[in-house]
Chemist: 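Here it is, the structure, as structure tokens.
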Amino acid sequence: MHITALRNEPAVVSALADLIIETVACGGSVSFMHPLPREKALAFWEASLAAADRGERVVLGAYEDGELTGTVTLLLDCPDNQPHRAEIAKMMTRVKYRGQGIARALLTAAESIAAERGKTLLTLDTAEDEGAAGLYEKMNYRKAGVIPDFALKPHGGLTGTVLYYKRI
Ligand SMILES: CC(C)(COP(=O)(O)OP(=O)(O)OC[C@H]1O[C@@H](n2cnc3c(N)ncnc32)[C@H](O)[C@@H]1OP(=O)(O)O)[C@@H](O)C(=O)NCCC(=O)NCCS
């Protein structure tokens, strides 16, 4: 497995779009409803990678034999009074590569980058139904609480969101 910071290039944007469309179709809560139109997915990643080019975030990709197998985003652009904080977002692994430690490796890499940038606090949220709470708890994130009925699941129906944090 090879992990790298992703650049704003058409092939990368296309692979990220495939990944998020599949994730949403399989019920992953990553801000979108199913079916996620390809143009919308492409526009999302283009904007995200443009923000990465401006240094506001880092979008990491995991590769296996040239194929994008997973991604995670480290949001660095926090308000002026939170220069020590960063947020973990858009964590997803291609369905056929799940259960092989890809998310763990991406999260570990994101934490290292955050520490290098002087961040001491990481925050994230995940859906209460079918989210990734188990992953974050294994990675020593602490549960701060649950907000009920926070978002719609990709196929409909409300779910709560669980807030986590980790001091690094
Ligand atoms: C959550 C997700 C990213 C995990 O990816 P993955 O590459 O399969 O995860 P890993 O193989 O690195 O798992 C690392 C550990 O966390 C555990 N884990 C991973 N996902 C879990 C989940 N949803 N619930 C409970 N435990 C989980 C694994 O069992 C593994 O434990 P181990 O090291 O003791 O064997 C993937 O299932 C996914 O893309 N889900 C849909 C999108 C989503 O919900 N993203 C989170 C948005 S906040």
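Counting starts at 1 for both ligands and their atoms, in listed order. The basis for the numbers below is simple: all heavy atoms, side chains too, and nothing from hydrogens, waters or symmetry mates. In this text, all values refer to a predicted model and were calculated from it rather than measured experimentally.
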Chemist: Determine whether the side chain, the backbone, both or neither of Y164 has a heavy atom under 4.0 Å from any heavy atom of ligand 1.
Modeler: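 For Y164, no heavy atom sits under 4.0 Å from ligand 1.
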Chemist: Where is the tightest heavy-atom contact between M33 and G156, given as atom of each residue plus distance?
Modeler: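 Taking M33 first and G156 second, the nearest heavy atoms are CE-N, 4.1 Å.
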Chemist: I want to know if ligand 1 touches T93 in the polar sense, i.e. an N/O pair below 3.5 angstrom.
Modeler: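 The answer is yes, given that T93 and ligand 1 share an N or O pair closer than 3.5 Å.
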Chemist: Nearest non-hydrogen contact with atom 2 (C) of ligand 1 belongs to which option: A103, A89, G101?
Modeler: A103
Chemist: Under 3.5 Å, is there a donor-acceptor pair between the side chain of R57 and the main chain of D77?
Modeler: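 Not confirmed, R57 side chain does not pair with D77 backbone.
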Chemist: Any idea which atoms of ligand 1 are less than 4.0 Å away from a heavy-atom of Q100?
Modeler: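 With Q100 as reference, the close atoms of ligand 1 come out as 11 (O).
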Chemist: Provide the closest heavy-atom pair for V95 versus C26 in the form atom of the first, atom of the second, distance.
Modeler: CG2-SG, 3.7 Å
Chemist: Which bit of T23 is near ligand 1, meaning a heavy atom under 4.0 Å away: side chain, backbone, both or neither?
Modeler: side chain
Chemist: Please report the closest heavy-atom contact between S48 and V59, naming both atoms and the distance.
Modeler: OG-CG2, 3.6 Å
Chemist: At under 4.0 Å between heavy atoms, which part of K90 makes contact with ligand 1: side chain, backbone, both or neither?
Modeler: neither
Chemist: Determine whether S14 and R38 satisfy the following criterion, side chain to side chain donor-acceptor pair (under 3.5 Å), listing intermediate values before the conclusion.
Modeler: CA-CA 9 Å; S14 177; R38 187 164 184 83; 2.9 Å; yes
Chemist: Show your reasoning for whether side chain to side chain donor-acceptor pair (under 3.5 Å) applies to R85 and T123.
Modeler: CA-CA 8 Å; R85 187 173 73 83; T123 58; 2.8 Å; yes
Chemist: Taking E137 first and then K143, would you say they form a salt bridge - that is, a charged N and a carboxylate O separated by under 4.0 Å?
Modeler: no
Chemist: Can you sort out which atoms of ligand 1 are near A132, meaning under 4.0 Å from one of its heavy atoms?
Modeler: 1 (C), 23 (N), 46 (C)
Chemist: Between K138 and ligand 1, which part of the residue brings a heavy atom under 4.0 Å of the ligand: side chain, backbone, both or neither?
Modeler: side chain
Chemist: If we set the cut-off at 4.0 Å for heavy atoms, which region of L124 has an atom near ligand 1: side chain, backbone, both, or neither?
Modeler: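 Within the 4.0 Å criterion, L124 makes no contact with ligand 1.
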